[in-house]
Amino acid sequence: MKVSQVRKYYSDKISELKKHNQLYFEKSSPEISDSKYDKIKKEVTELEKKYSFLKNLSSPTMSVGYSPSKNFTKFTHRVKMLSLSNAFDLNDLENFEKKIFNYLNNKVDIEYSVEPKIDGISASLTYKNGLLVMGTSRGDGSTGEVITENLKTINDIPHKIANKDFPKDIDIRGEVFIEKDDFNKLKNNFANPRNAASGSLRQKNPLETKKIPLNFIAYTYGYFKSDKIKKQSDFLSSLKKWGFKTNDHNKVLKTIKDLENFHKKFENDRYDLKYDVDGLVYKINSLDLQNRLGFTANSPRWAIAHKFSADSAFSTIKDINIQVGRTGALTPVARIKPVNIGGVVVSNATLHNEDEIFRKDIRIGDTVKIERAGDVIPHVILVDLKKRNKNSQKYIFPNTCPSCGSETIKEFNKTTKKYDAVRRCINEGFECEKIAIEKIKHFISKDAMNIDGLGKKVIENFWNLGFIRFPQDIYNLDYKKISDLEGWGNLSVSNLKYSIDQSKKVSLDKFLYAIGIRHIGIENAKLLAEYVKSIKTFISFVNKKKLNEFLNIDGIGDTQINSLKKFFTNKSNYNVITELSSILNISDLKLNKDGKLLNNTFMITGKLSNMSRAEAKSLIEENSGSVVSSVNKKLKYLIIGEKPTNRKVQQAKELGIKILSQKEWLNLLN
Ligand code: IVH
């Protein structure tokens, strides 16, 4: 990368990091998972390491947390409240210890104070002459917020300490947190206990803080002078003696191997704790050595946080429910004991289908490992058989549809000569309640009729109120009745009306996709629309039972034809499409044959800015161009976005295909 490109890339990443810092630390409502956040931060740190010209003092990697809120008085910590560097594996731990030995320039005898890293929010308490005189949040590490009154509402925090050996002037530091059960009982909008603790602790009104059961566990000091205490573990014992809660699982260990073993054991044991723990903290136990080692910009050299897996966790299955999808598929869903996976509290996990339950022999009551990585739906990856109850029984998958009671079947696939893994309700139409609701949800979705303001929840609500039974009912809603409902104001009703009216004008392909025929996705709907050109012709194909003719279309095969036939043998499906065709203005498909891109073929690689692939494709097609899916001689232009696939670019160069940036491509249109 060129220097200018590096700078641009870096500054984009910094903006991203700052945005997420603010969401996390200031607003207590992050939009991304902790592991995604860690990844961005790691990338920024690595860029700074690689290109020394990037680093400056305002980089978010140089501080921790976020600037204190304007709601509170600021306070400059006497001793900074720093962060900890992270270790994820044995290698990181070995490097940590190696660096310590290098720094000390000799192989001293060391031991570690090992402490669970509670996933809460840190606070500092200043005691003078035994009295709690001030409490602060971490803020950006240098300056915190004065939240004394809020902290005083926490029962675990002593206001007065009478012990003779309690230092005359000391900052006690520790973690404020909510227990898992208390969090699950709370009705709130926070994603996890940490955010709830942070939000509650930083309420303007301490009475609000008091409503939420916060706890405090002490683990270190800020300002403090003593010759007597020589070890972190002794400091922890003193904390206990002075009346603070300390962690019962704190211990002293000697070697990296011991740390590794304890970490392995604790990673599983942590589910039995009342609070979320996201790792273990290892601190060099000798305070003398800690002093010699000192700090880097934002973390001590003498401590490290050894994190637990951020994308999987163990939990137990409380129940298994069967969901019925738009095409009748029965999907089993495990209701699990809520568990925090990388910052998201998960209480449901998909079990995919009947075969999956059978293969893994998943049962109600089982202890299971749940994975939640990226945007993938949380799912069960294994059953811990050692923890299975002796009386547990095999799960029996229902034979009938839990929604309408109809028969269910597993289809036989003639090509693979196997039965489908999925069991389905044989109902095709609106007679099955769950299928009907899912069909309507699909109808309004973004890629279909795209009716803003009619989300999935609203559809469920309107269904329960009896406002809708079929998609066409959407165009006959009683807006007066809606405006009387709780949560609906004049503005939201008029927005809803507007977006419903807007959706009346729709292209044929979108409409064919919206009616939700199995195996007719966006692409196949386009192919059908191009073939029939108008809704009238499409309906006449159905009436005249000429659906086999669609086999002429390249891309449409037996699977799609059979699905279309099955769909239209159902009367309610047929009625929906005929009724909608008289309500809506379904535009015929006119292929634009005189657009600027006529006879030009395009391919896109990499991410485009401000535009999805689908949108770019539509734009090309609206202008008579076509989009191909492989680099070959027929391709005229390769459009490259951010992070293109190198192989494609290389192939295009070899074949002499023109390469366009997004801007150059858009210029062709203008
Ligand atoms: S020691 C300079 N000990 O982890 C020493 N921190 O990333 C830093 N934390 O802000 C603090 N348990 O919120 C320490 N036993 C423990 C801890 C702990 C949780 C949190 C704390 C801190 C963050 C550091």
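This chain uses plain numbering: 1 for the first residue, then up along the sequence. Each ligand, and each atom within it, is numbered from 1 in the order the structure gives.
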Ring geometry between H249 and F266 (parallel below 30°, tilted from 30 to 60°, perpendicular above 60°) | perpendicular
Could you tell me whether ligand 1 has any atom less than 4.0 Å away from a heavy atom of S83?
-> yes
Ligand-residue contact atoms, ligand 1 with R138, heavy atoms, under 4.0 Å | 10 (O)
Considering residues at least two apart in sequence or located in another chain, which fulfil the side-chain contact (heavy atoms from CB on, under 4.5 Å) criterion with V3?
-> R7, F53
Report yes or no: does T143 contribute a side-chain atom to a donor-acceptor pair with the main-chain N or O of G139 at less than 3.5 Å?
-> no
Heavy-atom contacts under 4.0 Å between I118 and ligand 1: side chain, backbone, both, or neither?
-> backbone
Atoms in ligand 1 flagged as close to V281, the criterion being non-hydrogen separation under 4.0 Å | 16 (C), 17 (C)
Which residue and non-hydrogen atom of the protein lie closest to atom 14 (C) of ligand 1, and at what distance in Å?
-> Y219 CE1, 3.3 Å
Closest protein heavy atom (residue, atom, distance) for atom 13 (O) of ligand 1 = E175 OE1, 2.7 Å
Sidechain-backbone polar pair: K230 side chain, D227 backbone, donor-acceptor under 3.5 Å | yes
Tell me which donor-acceptor pairs under 3.5 Å the side chains of residues 158-178 have, and how far apart each pair is, sequence neighbours excluded?
from	atom 1	to	atom 2	distance (Å)
H159	NE2	K152	O	3.1
N163	ND2	K241	O	3.4
D165	OD1	W242	NE1	3.1
D165	OD2	K241	NZ	2.7
D169	OD1	R78	NH1	3.2
D169	OD1	R78	NH2	2.9
D169	OD2	R78	NH1	2.9
D171	OD1	R78	NH2	3.0
D171	OD1	T126	OG1	2.8
D171	OD2	Y223	N	2.9
R173	NE	S124	OG	3.1
R173	NH1	V79	O	3.2
R173	NH1	K80	O	3.1
R173	NH2	V79	O	2.6
E175	OE1	Y219	OH	2.6
E175	OE2	G120	N	3.1
E175	OE2	I121	N	3.3

How about L125 and F216: do any of their side-chain heavy atoms sit closer than 4.5 Å?
-> yes
Determine, using heavy atoms of A303 and all atoms of ligand 1, whether some pair is separated by less than 4.0 Å.
-> no
Proximal atoms of ligand 1 relative to P300 (non-hydrogen, under 4.0 Å) = 2 (C)
Do other residues, nucleotides or ligands put more than 12 heavy atoms under 6.0 Å from the NZ atom of K13?
-> yes
Close-contact set for ligand 1 against K283 heavy atoms, below 4.0 Å = 1 (S), 3 (N), 14 (C), 15 (N), 16 (C)
Checking heavy atoms under 4.0 Å, the part of K117 that sits near ligand 1 is both
Under 6.0 Å between the ring centres of F235 and F224?
-> yes
Do L82 and F295 have side chains that get closer than 4.5 Å, going by heavy atoms?
-> yes
Should the proximity of L84 to ligand 1, defined as any heavy atom under 4.0 Å, be assigned to the side chain, the backbone, both, or neither?
-> both
Could you tell me whether E115 and ligand 1 have an N or O pair separated by under 3.5 Å?
-> yes
Which of the atoms of ligand 1 are close to L82, meaning less than 4.0 Å from one of its heavy atoms?
-> 8 (C)
